[in-house]
Protein chains: 2
Amino acid sequence: MKYEAVTIKDIARELGLSTSTVSRALRDSYEISPETKKLVLEYAEKINYRPNPIALSLKEKRTRSIGIVVAEIANSFFSQIINGIESIAYDKGYNVIITQSHESFERELINVQYLASRSIDGLLISLASETRDLSHLKHLHERGYPIVFFDRIVDEINTHKVIVDNTKGGYDATTHLIKSGFKNIAALANAAYLSITRDRIGGYQAALEEHKMKQDPSLIKYCLHGGLVYEEVEQALDSLFKQKKKPDAIFAAADKLTTNCLRYFKAKGIRVPEDIAVIGFSNIDLTELLSPSLSVVRQPAFEMGQVATELLLNLIESKRPVKDFDTRMLQPDLFIRESTSRKNSSL
Amino acid sequence: MKYEAVTIKDIARELGLSTSTVSRALRDSYEISPETKKLVLEYAEKINYRPNPIALSLKEKRTRSIGIVVAEIANSFFSQIINGIESIAYDKGYNVIITQSHESFERELINVQYLASRSIDGLLISLASETRDLSHLKHLHERGYPIVFFDRIVDEINTHKVIVDNTKGGYDATTHLIKSGFKNIAALANAAYLSITRDRIGGYQAALEEHKMKQDPSLIKYCLHGGLVYEEVEQALDSLFKQKKKPDAIFAAADKLTTNCLRYFKAKGIRVPEDIAVIGFSNIDLTELLSPSLSVVRQPAFEMGQVATELLLNLIESKRPVKDFDTRMLQPDLFIRESTSRKNSSL
DNA sequence: TTGTAAGCGTTATCAC
DNA sequence: GTGATAACGCTTACAA
């Protein structure tokens with residue numbers, strides 16, 4: 001069943017006016033007599049006329065919409081970012097179209113192409129963990145299409161970017177574990193080639209180095225899909241715990257990695273923090289309700305969404321091609337709770 | 001900076017052909033000579049031509065997109081529904097536009113109008129808790145606009161609907177509490193006029209009645225925004241605990257109500273389940289990691305999204321106006337965990 | 001086999 | 001103060 005909307009033509013025909021008169025009356029143009037305006041506005045109201053944004057987009061070559069690609073809206077970090085994005089976008093009269101990649105390159109490609117071709121005016125994207133080939137984004141960027149990266153960024157494309165200081169986050173988390181007296185600190189990370197992985201693990205390593213702790217590469221495990229599937233985390237942890245020297249603490253460098261880690265320990269009867277301490281890079285909002293309550297590095301996600309959107313709208317509304325691009329770095333916060341507290345701490 | 005896409009005109013000009021020839025060549029029409037086709041396709045490929053879907057939409061009066069309005073994507077129930085919706089929609093070649101009402105009537109109105117003004121072919125909606133005036137949806141529905149309601153539905157609009165058996169969910173949860181020996185069972189619900197509230201509380205009351213328990217209206221508290229803001233829940237619980245006869249168990253009839261309830265108990269030092277038992281109507285995926293693990297009524301959210309989408313696509317693709325509408329009712333599941341276990345149970 | 005023209009809904013420009 | 005026309009990008013009768 002096709003839904004037929006009311007158009008300016010319908011109004012014009014009904015009132016015996018031309019479409020241009022109706023159009024002008026609706027936009028309250030000074031050229032139109034008060035009587036005609038009243039007539040048109042009242043009739044439009046009566047039949048509930050709404051301008052067709054598709055037609056407007058075609059004409060104006062802009063849609064007043066921006067597109068988002070994130071891995072998973074079910075992830076608190078991303079849903080908080082989205083709320084930040086919406087808060088700015090709506091204010092400026094832009095609508096927001098949300099899509100999910102589910103960490104799949106193919107899905108990301110489809111979404112980016114759909115969004116770009118649908119003539120959204122600009123794109124906010126955090127890459128899928130599978131994504132290594134960036135040509136789909138490079139093409140768009142080369143043609144002047146406004147893109148802002150957040151969270152998972154890339155060096156190859158020179159545009160605005162918003163991230164948290166991931167190196168510091170990893171460093172702070174690890175330093176906290178070291179100072180709490182843990183000796184054998186493992187790390188569980190997303191795909192190795194992602195910017196967030198590189199930086200967070202970099203911070204972890206820097207902390208170990210600074211405290212003269214020996215570095216054991218076999219203590220770092222990577223999950224290609226960021227722990228989206230439990231089995232991935234299970235496998236990583238299985239192999240971690242099969243080693244002779246078992247870790248006494250673990251730094252989980254992403255949301256899903258953290259929760260699936262906790263699931264694993266619960267399933268295996270491994271106690272936190274008695275048998276192993278856990279600190280997560282996580283924005284889940286139930287951390288204080290977990291058992292034990294969870295120590296985390298938390299990102300200012302809402303703010304990240306806001307900043308990214310402001311940068312994108314700048315790009316979109318700029319009159320001339322933008323050459324100078326910013327990379328904004330926000331600060332993460334460390335929240336220490338029960339999951340990393342050790343009674344026999346050296347502190 | 002405006003992004004200028006390649007059009008058929010550009011190709012036509014470059015190759016010295018007419019736009020119609022180019023159009024036909026691109027769609028592999030039988031009328032076009034192999035040589036011309038080859039020429040056009042190769043050049044289109046070379047300059048990375050993509051048809052403008054805005055123009056197509058204007059022409060075809062369809063967008064192959066469907067719109068969603070939910071209260072909050074940060075709510076697991078809704079994000080699971082959305083995943084179900086996407087799973088069907090993508091399969092059928094439809095794209096999905098997600099919007100949030102944040103339980104606000106005004107925001108819902110804006111979203112519905114944006115979506116309906118022909119950016120999408122049909123609408124999937126769960127009402128905002130604030131929404132009492134349905135005229136925005138009635139208008140659309142009367143003009144034949146395809147709408148499917150899920151979760152929070154209304155009687156006044158006759159179209160396809162998908163819900164869970166909320167009455168049974170409320171009944172099962174309450175019966176479980178009664179059988180576990182709790183005597184003074186309170187209920188915390190969303191806005192009173194919502195379908196889900198009516199049914200879930202109806203089930204709660206039916207269970208009390210069946211077991212000849214006295215019904216105390218002051219044990220039922222309503223939160224106008226479904227517990228979206230903590231203060232709302234705090235206020236409800238404060239007033240609940242100020243009463244002389246304090247509840248020994250509580251049935252929290254929605255996701256955010258449940259988690260904010262737990263937050264409140266944690267803050268006040270009220271132990272669960274020793275001081276009060278808690279059962280939630282919730283799809284959060286961390287229930288087993290909470291302390292104590294949480295008993296819940298869980299909805300088949302993914303499936304609900306799938307069913308709703310199938311119904312919507314039927315409406316959209318139907319050749320004639322649909323007169324017969326379905327209300328599909330799915331079954332909720334009861335998961336019993338620690339938060340409702342009482343040592344001195346009568347069982 | 002290819003080109004011309006109309007139309008989708010809207011607005012800007014130019015007439016009257 | 002109002003109307004006719006062209007244009008946005010595309011498809012499709014209808015002509016040639």
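Naming: A, B, ... by sequence-line order, numbering from 1 per chain.
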Find the distance [X]:[atom1] to [N]:[atom2] and express it as a whole number of Å.
X     : N      : atom1 : atom2 : answer
B/K38 : C/dT1  : NZ    : C1'   : 18 Å
A/I11 : C/dT11 : CD1   : P     : 11 Å
A/I47 : C/dG9  : CD1   : P     : 13 Å

With no angle test and no hydrogens, is the base of C/dG3 tied to the side chain of B/R24 by a donor-acceptor pair under 3.5 Å?
->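 Yes, the side chain and the base share a sub-3.5 Å donor-acceptor pair.
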
Presence of donor-acceptor pair under 3.5 Å, side chain of B/S20 and base of C/dT4 =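 Looking at the base of C/dT4, it does pair with a donor or acceptor on the side chain of B/S20 (distance under 3.5 Å).
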
Looking at [X], does any N or O in its side chain come under 4.0 Å of the phosphate oxygens OP1/OP2 on [N]?
X     : N      : result
B/T21 : C/dT2  : no
B/T7  : D/dG9  : no
B/T36 : C/dT2  : yes
A/S23 : C/dT11 : yes
B/Y49 : D/dG9  : no
A/K61 : D/dG9  : yes

Axis deviation across the helix from C/dT1-D/dA16 to C/dC16-D/dG1, five-pair ends, to the nearest 10° |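 Axis angle across the helix from C/dT1-D/dA16 to C/dC16-D/dG1, nearest 10°: 60°.
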
Let's see if you can work this out: which of [options] has an atom nearest to the side-chain heavy atoms of [X]?
X     : options              : answer
B/K9  : C/dT10, D/dC8, D/dG9 : D/dC8
B/L58 : D/dA7, D/dT2, D/dG9  : D/dG9
B/N52 : C/dT1, D/dG9, D/dA4  : D/dG9

Between A/F149 and A/H141, does the ring centre distance come in under 6.0 Å?
->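 For A/F149 and A/H141, the ring centres are not under 6.0 Å apart.
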
When you measure from the side chain of B/K37 to the backbone N and O of B/S29, does any donor-acceptor pair fall under 3.5 Å?
->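 Side chain of B/K37 to backbone of B/S29, a donor-acceptor pair under 3.5 Å: yes, one is there.
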
Between B/H160 and B/F325, is there a donor-acceptor pair closer than 3.5 Å when you use the side chain of the first and the backbone of the second?
->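 No: the side chain of B/H160 does not pair with the backbone of B/F325.
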
Ionic contact status for B/E303 with B/R328, cut-off 4.0 Å |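 B/E303 and B/R328: not salt-bridged.
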
By a strict heavy-atom criterion of less than 4.0 Å, which residues belonging to residues 25-35 of chain B are in contact with DNA chain C?
->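 Going residue by residue through residues 25-35 of chain B, the ones with a heavy atom under 4.0 Å of DNA chain C turn out to be B/E31, B/I32, B/S33.
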
What residues form a ring pair (Phe, Tyr, Trp, His ring centres under 6.0 Å) with A/Y193, not counting sequence neighbours?
->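 Scan of A/Y193 (ring pair (Phe, Tyr, Trp, His ring centres under 6.0 Å), adjacent residues dropped) gives none.
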
Do you see a donor-acceptor pair shorter than 3.5 Å between the side chains of A/S65 and B/Y114?
->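 Short answer, yes.
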
Assign each of A/I8 and B/T19 to its nearest nucleotide of DNA chain C by heavy atoms, then name whichever residue's nucleotide is nearer the 5' end.
->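 In this pair, the answer is B/T19.
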
